[in-house]
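What you see is a predicted model, and the numbers here were worked out from it, not measured in a lab.
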Amino acid sequence: VMKQAQLVSSLNSFEAIALAWYERKHGDWSESHKKRTKAYLVKDVFPWIGAHQMDEITAAQIIHLVQRVEARGAKDAARRVKQYINQVFKYAVTLELVKHNPAADIQNDIILQPVVKRHFATITEPHLIGQLLNDIDAYQGTFIVRVALQLAPLVMLRPGELRAAEWTEIDLEAGVWTIPIKRMKAPTHIKRANQSVHIVPLSKQAIALLREIYPLTGRYTYVFPSARGASRPLSDNGLRTALRTMGYDNDTITPHGFRGMASSLLNELGYNPDAIERQLAHHEPNKVRAAYNRADYLQERREMLQAWANYLDALKTPKGNVVSLFR
């Protein structure tokens, strides 16, 4: 009888219900989301409330658990953990395994510190940009990392989109890089449909860099393969470490900062904000598919990126800090 009671108890524990919820839901998730969710449950939730019966868990316990995650400096993780606990309880309530969801009325803005929107560090002073570009050209590390860093300011992509570039996406003759939406930042259901693309017009300078690296990596899938093996792309740490080696810390510029650099200066120089936003692949969530599908402002973006590449070249010369970008 005691063993049976323990079995019933374990079947209705938070951990058992959470794993059942995970198995039911994770079929629609990306691999990274699956891993991250499971890791948060195992590390941040199960040790504290995993063995508890669902109907024994209180709002106070959940608040304490979530605040413990925040206390280690993981503000985003704290919000995710609270969200997962809430979803597990909603699942249990729906299946009538528990009557009440103690997480439902816990408001993040009351129990957690407010989120300060993070801006990626970047450089916008023309003479300092010139110095950075010269430092990249003189980088003594691997050729693959150097070319990736040289290409970064020319294409305005997120670091992950740049690092995982595949040769099949790039048409050097047409001067176009066509990235499938599954590789872009977009809602999971739209990525799964994979019916859209982001088009990057390539400047002459960008084409020259890609032609230069093609003999080395053209036989592989990735334009910038990892030093650990060509079956995977260069890691984010590869670009970040290279910048550190050159003396640029996280508070000065990050691999993501090249986007902010281009956005700030192109807006300042009077380029069409809509064309700039489209080149950055910023879209309203409910318009993502249509926005990626359309080659909006393509000719305007091509001219803008070529002028931008010319401007960056000019900044690398001794008098580069006084150069104007002529429309």
Give me the ring orientation class for Phe89 and Phe14: parallel if the planes are under 30° apart, tilted from 30 to 60°, perpendicular past 60°.
-> tilted
Please say which of Trp167, Phe224, Phe143 ends up in a side chain to side chain contact (heavy atoms under 4.5 Å, CB included) with Thr217.
-> Trp167
Please report the shortest heavy-atom distance between Pro233 and Arg163, naming the atom on each side.
-> CB-O, 3.4 Å
If every non-hydrogen atom of Arg278 is compared with every non-hydrogen atom of His198, which pair is closest and at what distance?
-> O-CE1, 3.2 Å
Report yes if some heavy atom in the side chain of Ser226 is under 4.5 Å from a heavy atom in the side chain of Leu234; otherwise report no.
-> no
Would you mind reporting whether Gln205 and Gln306 have side-chain heavy atoms less than 4.5 Å apart?
-> yes
Could you grab the distance from atom CZ of Phe120 to atom CD1 of Ile253, nearest 0.5 Å is fine?
-> 12.0 Å
Thr124 and Thr122: CA distance, side-chain angles, deciding distance, side-chain contact (heavy atoms from CB on, under 4.5 Å) verdict | CA-CA 7 Å; Thr124 53; Thr122 192; 4.1 Å; yes
In this structure, CG of Leu209 is separated from OG of Ser203 (nearest 0.5 Å) by 8.0 Å
Following the transitive rule for hydrophobic clusters with a side-chain heavy-atom cut-off under 4.5 Å over Ile, Leu, Val, Met, Phe, Trp and Tyr, establish whether Tyr220 and Ile170 coincide in one cluster.
-> no
Quick one: closest heavy-atom pair of Asn134 and Lys316, and the distance?
-> ND2-O, 3.2 Å
Are Ile213 and Val200 in one and the same hydrophobic cluster, where Ile, Leu, Val, Met, Phe, Trp and Tyr link if side-chain heavy atoms are under 4.5 Å apart?
-> yes
Shortest non-hydrogen separation from Ile106 to Ala59 and the atoms involved = CD1-O, 3.8 Å
Might you confirm whether atom CZ of Arg72 has over 12 heavy atoms from other residues, nucleotides or ligands at distances under 6.0 Å?
-> yes
Rounded to the nearest 0.5 Å, what separation is found between the NZ atom of Lys75 and the CD atom of Glu70?
-> 6.5 Å
Asp76 and Arg80 ion-paired at < 4.0 Å | no
Are Tyr214 and Leu151 connected in a single hydrophobic cluster, I mean Ile/Leu/Val/Met/Phe/Trp/Tyr linked by side-chain heavy atoms less than 4.5 Å apart?
-> yes
With Leu243, the side chain to side chain contact (heavy atoms under 4.5 Å, CB included) member among Val145, Leu132, Asp135 | Leu132
If we only count heavy atoms from C-beta on, is the Arg244 to Asn250 side-chain gap below 4.5 Å?
-> yes
Contacts under 3.5 angstrom, residues 35-43 side chains, donor-acceptor by atom type, not counting sequence neighbours:
from  : atom 1 : to    : atom 2 : distance (Å)
Arg36 : NH2    : His33 : ND1    : 3.4
Thr37 : OG1    : His33 : O      : 2.8
Thr37 : OG1    : Tyr84 : OH     : 3.3

